[in-house]
Amino acid sequence: MGEVLDRIRDAIIEMKIEQASALTKEALKEGLSAIEILNQGLILGLKVVGERFRRDEIFLPEVMLSARAFKAGFELLKPKLLEGNYQPRAKVVLGTVAGDVHDIGKNIVASLLEGNGYQVIDLGVNVSKESFVQAVEKHKPEVLGMSTLLTTTMPEMERVILELKNKALRDKIKVIIGGAPVSQEYAEKIQADGYGEDAQQGVEIINKWIEERGSSNE
Ligand code: B12
């Protein structure tokens, strides 16, 4: 069983797009769960890719091909992740902050949230603070989620929070942040309400907020 997960990881590292897709299908056929395949196969592959990129052992075109191989597998898992127990719960506006185009992690968060019964308004990548605030005004979500993978764009999260304060919207929603360079400490520093180390933890935190809100409304 573990073997197919190792092969999926290697397909991502070796930039083999078709193989990533074929092996993901094989793993599903073997009865592995979508979340297992995601966390113990696809994501592990990208992690190695990131480490090699940092050490200058590979370059951007290779990272892009690995990301494509990841997406080929992930697309097959997405419908399974969406099969979670559906109970419409709340709205979440989600996006990657201005200056950053990384969206793999954000898309996983979006899929898991949808699988947990949330309506997700995904603003995409490189989202300006004005667009985040406009979406909050328009959709009136219970939660705003922001993602970033770059240290240089982390301060953008604080700018969005300040903009929400300026528009008197901050008290109306919970803000959760995530992405490799941010942390619980950073969330506290910029006065976000929460930080999700991974998509699953993010969903659990949001679930807790929505349950608390539900019981305080009763
Ligand atoms: C794939 C990748 C790319 C792809 C992105 C493809 C895409 N569509 O996203 C491409 C090739 C385009 C790319 C480009 C660049 N990249 Co890049 N990239 C990566 C890589 C290898 C993997 C990122 C990834 O997808 N990880 C897998 C996902 C699943 O993990 P994740 O995003 O962290 O998400 C999880 C959690 O963090 C969390 N999460 C994420 N968001 C949120 C949000 C909420 C609300 C919650 C609750 C949770 C949550 O849940 C997710 C799932 O569990 C990383 C290395 C790494 N180790 O992270 C570098 C990395 C992020 N990139 C890096 C760099 C420098 C760049 C470039 C600037 C390179 C360049 N010179 O042009 C450009 C950036 C362009 C831009 N303006 O944005 C650096 C950043 C360094 C830094 N500290 O700032 C990294 C760390 C590589 C490195 N080791 O140096 N990159």
Let me see the working for K208 and E212 under salt bridge (charged side-chain N to carboxylate O under 4.0 Å, His left out), right down to the final yes or no. CA-CA 6 Å; K208 203 168 139 259; E212 280 168 6; 3.8 Å; yes
I'd like to know if the side chain of N126 reaches the main chain of G99, judged simply by a donor and an acceptor atom lying under 3.5 Å from each other, with no hydrogens or angles considered. yes
Can you tell if the side chain of W209 reaches within under 4.5 Å of the side chain of I176, non-hydrogen atoms only? yes
With sequence neighbours excluded, give me every side chain to side chain donor-acceptor pair (under 3.5 Å) pair touching residues 137-146. E142-R213
Sidechain-backbone polar pair: Q201 side chain, D198 backbone, donor-acceptor under 3.5 Å: no
Trace of the side-chain hydrogen bond (donor to acceptor under 3.5 Å, both in side chains) decision for E188 with Q184: CA-CA 6 Å; E188 283 164 21; Q184 177 61 37; 2.9 Å; yes
Hey, quick one: are I206 and V160 part of the same hydrophobic cluster, counting side-chain heavy atoms closer than 4.5 Å, chains of contacts allowed? no
Sequence neighbours left out, what passes side-chain contact (heavy atoms from CB on, under 4.5 Å) with A27? Give chain and number order. V4, I8, L32, I37
Minimum heavy-atom separation for S128 and A98, please, with both atom names. CA-CB, 4.1 Å
Given 3.5 Å as the limit, does a donor-acceptor pair link the side chain of Y186 with the main chain of I177, or not? no
Answer yes or no: is there a donor N or O on one side and an acceptor on the other, between the side chain of D100 and the main chain of L149, under 3.5 Å? yes
Looking only at heavy atoms, which two atoms of F132 and L94 are closest? And how far apart? CE2-C, 4.4 Å
Which residue pairs pass the side chain to side chain donor-acceptor pair (under 3.5 Å) test when at least one of the two sits in residues 160-182, sequence neighbours left out? K165-Q191, R170-D193
E156/R159 salt bridge by N-O under 4.0 Å criterion: yes
Heavy atoms of V49 and I13 approach each other most closely as CG2-CA, 3.9 Å
Taking S147 for its side chain and T96 for its backbone only, find out whether a donor-acceptor pair lies under 3.5 Å. no
Could you see if I173 belongs to whatever hydrophobic cluster contains M157? Use Ile, Leu, Val, Met, Phe, Trp, Tyr and a side-chain cutoff under 4.5 Å. yes
Does a side-chain N-to-carboxylate-O contact under 4.0 Å join E26 and R7? yes
When hydrophobic residues are tied together by side-chain contacts of less than 4.5 Å, even through go-betweens, does L77 share a cluster with L113? yes
What is the minimum heavy-atom distance between A135 and V93, and which atoms define it? CB-CG1, 4.0 Å
If you look at every heavy atom in F74 and L42, which pair is closest and at what distance? N-CD1, 3.8 Å
